[in-house]
Protein chains: 2
Amino acid sequence: MMTISSPKGSNAERSRITNRRAVMGSIHSAGIMGRAEIARNLSLSTQAVSNIIAELLEDGLLFENGTRAGGRGLPAVQYAVNPDGGYAFGIEVRPSAIFGSLLDMHGKPVFTERLALKDARPNAVIEHVIALRDKGLKAVSISDEKLLGAGIVMPGPFGRTGLAGQESDLPEWDSVDPHKLFEDALEIPVMVSNDANAAAMAERITGVAQGLSSYAYLYFGTGLGLGIVSQGHLVPGAFGNAGEIGHVAVPIDGQMRSLESVLSRLSAQRKLQGDDEQALDFQSIADLFAAQDSELMEWLDTASIALGHATQIIENLFDPQTIILGGAMPSGVLDYLVENTTLPELTVSNRSARSEPRLKTGTSDRLTATLGAAALILNQTYTPQFVVAH
Amino acid sequence: MMTISSPKGSNAERSRITNRRAVMGSIHSAGIMGRAEIARNLSLSTQAVSNIIAELLEDGLLFENGTRAGGRGLPAVQYAVNPDGGYAFGIEVRPSAIFGSLLDMHGKPVFTERLALKDARPNAVIEHVIALRDKGLKAVSISDEKLLGAGIVMPGPFGRTGLAGQESDLPEWDSVDPHKLFEDALEIPVMVSNDANAAAMAERITGVAQGLSSYAYLYFGTGLGLGIVSQGHLVPGAFGNAGEIGHVAVPIDGQMRSLESVLSRLSAQRKLQGDDEQALDFQSIADLFAAQDSELMEWLDTASIALGHATQIIENLFDPQTIILGGAMPSGVLDYLVENTTLPELTVSNRSARSEPRLKTGTSDRLTATLGAAALILNQTYTPQFVVAH
DNA sequence: TATTATTACTCAACTCACTTGAATTATCAA
DNA sequence: TTGATAATTCAAGTGAGTTGAGTAATAATA
């Protein structure tokens with residue numbers, strides 16, 4: 001659940017915060033940049049940018065990176081983001097395990113760890129999360145002042161809904177406010193979200209969504225989730241549960257099936273193993289794909305059809321620059337889906353002048369969501385805060 | 001097409017604009033409000049709010065509205081929005097007609113007019129729009145300084161897409177930038193959008209979406225459109241074409257049909273008249289509904305099923321507070337749909353603790369989109385600007 | 001080679017808009 | 001009647017961005 005802050009007026013202090021983020025964001029997305037260039041980009045005076053940059057240098061978030069000649073005039077001193085200037089902590093909570101990661105300012109993971117979880121109730125989880133943080137900070141020798149915040153990914157949906165009672169639910173989390181719980185325990189800024197949203201943000205910080213402002217992200221976890229980014233901001237939904245695309249019905253062989261039942265790792269597992277409950281992991285699917293296993297290829301055919309329907313829905317509802325496929329599914333499989341899906345014609349995205357493909361493959365990794373959790377925090381430091389309306 | 005501005009830094013001047021809007025927004029949504037209360041609401045000092053209110057009184061946008069005792073302490077002087085403080089101009093451009101309206105600050109229409117259009121090419125449209133504006137201002141004796149801006153509703157999709165070549169297209173508009181065209185001609189701020197988005201905003205200013213921040217709006221025009229509002233802001237899509245839900249396919253009698261082909265005025269017309277091309281207008285449908293015409297009721301049964309599917313998709317993708325039905329369809333028909341649609345169970349919106357119904361009826365009127373066009377401008381004066389990310 | 005145009009950058013003064021703290025006023029409660 | 005409470009104003013203070021003049025470094029031009 002995204003925390004929805006009440007609308008706030010602006011004052012000098014808040015302006016500075018906004019502008020610091022805007023400057024960081026400009027430099028992050030450009031790689032290196034000079035002060036005058038940033039000032040033009042943000043419609044600020046060079047003096048203002050100079051002052052902010054001095055502060056950011058002081059804080060160790062930036063460093064000088066040579067000068068650029070090229071044109072006439074005094075060559076601009078260039079600045080770049082210092083990867084070691086700060087770190088974001090990402091946590092993914094699952095019923096049987098917790099995944100933790102630390103990302104530097106470039107979004108590069110410097111620490112990742114999996115912790116088996118016997119007890120997934122709130123207190124036990126908090127204890128493990130604190131342990132994970134301490135272990136991570138120690139492992140890479142980071143002082144805790146450098147920790148910018150923690151992003152938490154938990155299984156949605158948040159609150160009691162028509163989708164409750166599923167296997168992924170965590171015990172005894174119904175009545176607690178995860179955001180407050182984690183913030184009180186960790187004493188740093190916290191953002192809580194679902195896996196698809198987090199993964200979508202990861203693509204924006206380091207992946208194939210860099211430079212995109214409105215896109216959709218299809219996340220392959222156990223099921224299937226959708227992260228929606230509009231004008232650089234996540235669309236969280238009124239209760240933080242937007243993107244539950246897995247439960248949308250599509251026609252498969254003349255029958256309405258939920259997307260998740262044909263386009264997810266779980267569905268592949270069922271197809272390949274029947275009701276055998278042994279987990280079919282990432283690697284086994286990759287191996288079967290490499291061997292062109294006939295059952296898997298059959299599953300892929302059905303999955304492609306489902307993806308075509310999903311594409312039609314997403315494109316017509318959001319008109320994104322692109323739809324990115326990613327998550328815990330081997331990249332070969334994702335590439336196959338992108339290449340073999342027949343794109344629907346009757347959508348607003350079927351236009352001739354496109355700079356992005358309608359479907360593309362993003363990061364494929366079991367840890368996509370965990371890294372995405374940390375990316376939520378990085379995104380915050382690179383993006384001026386969204387003004388929430390009344 | 002929403003105009004996407006580049007990200008801007010903040011300074012004193014922009015802070016004041018933001019805060020003025022925030023103050024106006026607070027008062028607008030509360031009806032009447034005192035200064036200290038607004039200050040708390042926006043996390044500003046009372047002095048700052050006092051200064052802003054003095055300015056707004058000076059500009060005629062607010063007026064004093066008594067004092068409120070009730071508690072202890074000095075009773076607060078209350079302020080209310082002056083309906084005559086400014087006006088918004090709304091224009092809806094159709095291939096064969098232009099609709100114009102003027103809304104006061106409360107969102108009340110003070111002038112509406114339909115102008116038949118023989119030539120729908122850009123120059124002719126501009127000419128008629130200017131004439132409409134002048135006529136409106138004259139009719140209600142408003143000086144042109146009071147015109148806050150113009151909202152324009154035009155048939156989407158914008159740009160060449162897979163949905164182009166439809167009957168609603170306007171001739172020779174492919175190569176022009178409507179926003180620039182209208183802004184140059186009218187010399188006031190302009191917002192261009194599609195009918196569904198505009199209608200969604202109208203509900204936020206005066207209708208059943210007051211107080212809601214994340215909701216979806218199903219607009220019945222000739223076809224069917226979807227307006228998506230997330231945290232008080234429209235979700236426009238990368239190219240301004242989000243919300244083309246009419247082209248999403250749903251299963252009807254075991255066959256995939258586009259939503260628009262079963263849930264739109266045009267589809268009702270086809271059902272009732274066969275291929276007879278004579279227009280079936282708003283009133284005729286209302287009459288047939290009053291008479292419980294059997295063919296219309298049959299159409300409604302199918303339409304309800306389609307609406308159920310649409311609801312499942314919208315709820316799972318956005319998790320809105322509610323879905324509002326409105327537009328050029330008699331309210332009896334909309335009410336019937338709301339009451340007789342079987343709501344899907346497998347969605348995140350199927351929760352017990354709801355303050356809003358999952359479906360509700362909004363404004364039903366041929367002019368919904370026209371008034372909505374003007375509401376886009378009002379919304380801007382009541383809502384601090386969205387910070388667009390890099 | 002010298003000069004000029006161009007651009008980045010800094011310094012210092014200025015301005016805008018919000019904050020702070022003290023003083024004032026009106027109301028309710030004891 | 002007195003005291004507590006809350007809204008409001010006044011005046012001074014502060015943070016942050018802007019402005020304009022001046023300096024420095026480079027490319028283009030004479």
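Please read all numbers here as calculations on a predicted model, not as lab measurements. Naming: A, B, ... by sequence-line order, numbering from 1 per chain. Values below: every heavy atom of this structure, side chains too, minus hydrogens, waters and symmetry copies.
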Where do A:H106 and A:I205 come nearest, in terms of heavy atoms and distance?
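That closest heavy-atom pairing would be O-CG2, 4.5 Å.
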Represent DNA chain C in dot-bracket notation, 5' to 3'. Only Watson-Crick or G-U wobble pairs with both distances under 3.5 Å count; pseudoknot-style crossings use [ ] and interstrand partners use |.
||||||||||||||||||||||||||||||
Can you list every ring pair (Phe, Tyr, Trp, His ring centres under 6.0 Å) pair that touches residues 15-55 of chain B, not counting sequence neighbours?
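Residue pairs passing ring pair (Phe, Tyr, Trp, His ring centres under 6.0 Å), neighbours aside: B:H28-B:Y382.
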Heavy-atom check, side chain of [X] versus side chain of [Y], under 4.5 Å:
{"X": "A:V229", "Y": "A:L234", "value": "yes"}
{"X": "B:L57", "Y": "B:I53", "value": "yes"}
{"X": "A:T67", "Y": "A:V77", "value": "yes"}

Please list, for nucleotides 24-26 of chain C, all pairs of protein and nucleotide N/O atoms separated by less than 3.5 Å.
residue : atom : partner : partner atom : Å
C:dA26  : N3   : B:L74   : N            : 3.4

Can you tell me the distance, in whole Å, between the [atom1] atom of [X] and the [atom2] atom of [N]?
{"X": "B:R40", "N": "D:dA7", "atom1": "CZ", "atom2": "C1'", "result": "9 Å"}
{"X": "A:K8", "N": "C:dA17", "atom1": "NZ", "atom2": "P", "result": "22 Å"}
{"X": "A:I38", "N": "C:dT7", "atom1": "CD1", "atom2": "P", "result": "18 Å"}
{"X": "B:R35", "N": "C:dC18", "atom1": "CZ", "atom2": "P", "result": "15 Å"}
{"X": "B:L42", "N": "C:dA17", "atom1": "CG", "atom2": "C1'", "result": "15 Å"}
{"X": "B:I53", "N": "C:dA17", "atom1": "CD1", "atom2": "P", "result": "16 Å"}

Between A:Q47 and A:N51: side-chain donor-acceptor atoms closer than 3.5 Å
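A donor-acceptor contact under 3.5 Å links the two side chains.
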Would you tell me whether B:S10 and A:T18 have side-chain atoms, one donor and one acceptor, within less than 3.5 Å of each other?
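Distance-only check fails for B:S10 and A:T18.
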Would you compute the distance between atom OG of B:S43 and atom CZ of A:R14 and round it to the nearest 0.5 angstrom?
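B:S43 atom OG to A:R14 atom CZ measures 5.5 Å (nearest 0.5 Å).
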My understanding is that only residues two or more places apart in sequence, or in another chain, count here; which of them pass side chain to side chain contact (heavy atoms under 4.5 Å, CB included) with B:A39?
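Listed in chain order: B:T46, B:V49.
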As a quick check of understanding, evaluate side chain to side chain contact (heavy atoms under 4.5 Å, CB included) for B:H233 and A:Q231, giving each step before the final call.
CA-CA 11 Å; B:H233 298 274; A:Q231 300 185 70; over 6 Å; no
For A:R20, answer base if it contacts any base atom (sugar-phosphate contacts may also be present), sugar-phosphate if it contacts only those atoms, and nothing otherwise; contact means non-hydrogen atoms under 4.0 Å.
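Nothing, no heavy atom under 4.0 Å.
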All N/O contacts under 3.5 Å from nucleotides 15-18 of chain D to the protein, with atom names and distances to one decimal?
residue : atom : partner : partner atom : Å
D:dG17  : OP1  : A:N19   : ND2          : 2.7
D:dG17  : OP2  : A:R16   : NE           : 3.2
D:dG17  : OP2  : A:R16   : NH2          : 2.9
D:dT18  : OP1  : B:N11   : ND2          : 3.0
D:dT18  : OP2  : A:S45   : N            : 2.7
D:dT18  : OP2  : A:S45   : OG           : 2.6

All N/O donor-acceptor pairs, side-chain side in residues 373-381 of chain A, below 3.5 Å, sequence neighbours left out:
residue : atom : partner : partner atom : Å
A:N379  : OD1  : A:R204  : NE           : 3.4
A:N379  : OD1  : A:T383  : OG1          : 3.2
A:T381  : OG1  : A:L378  : O            : 3.1

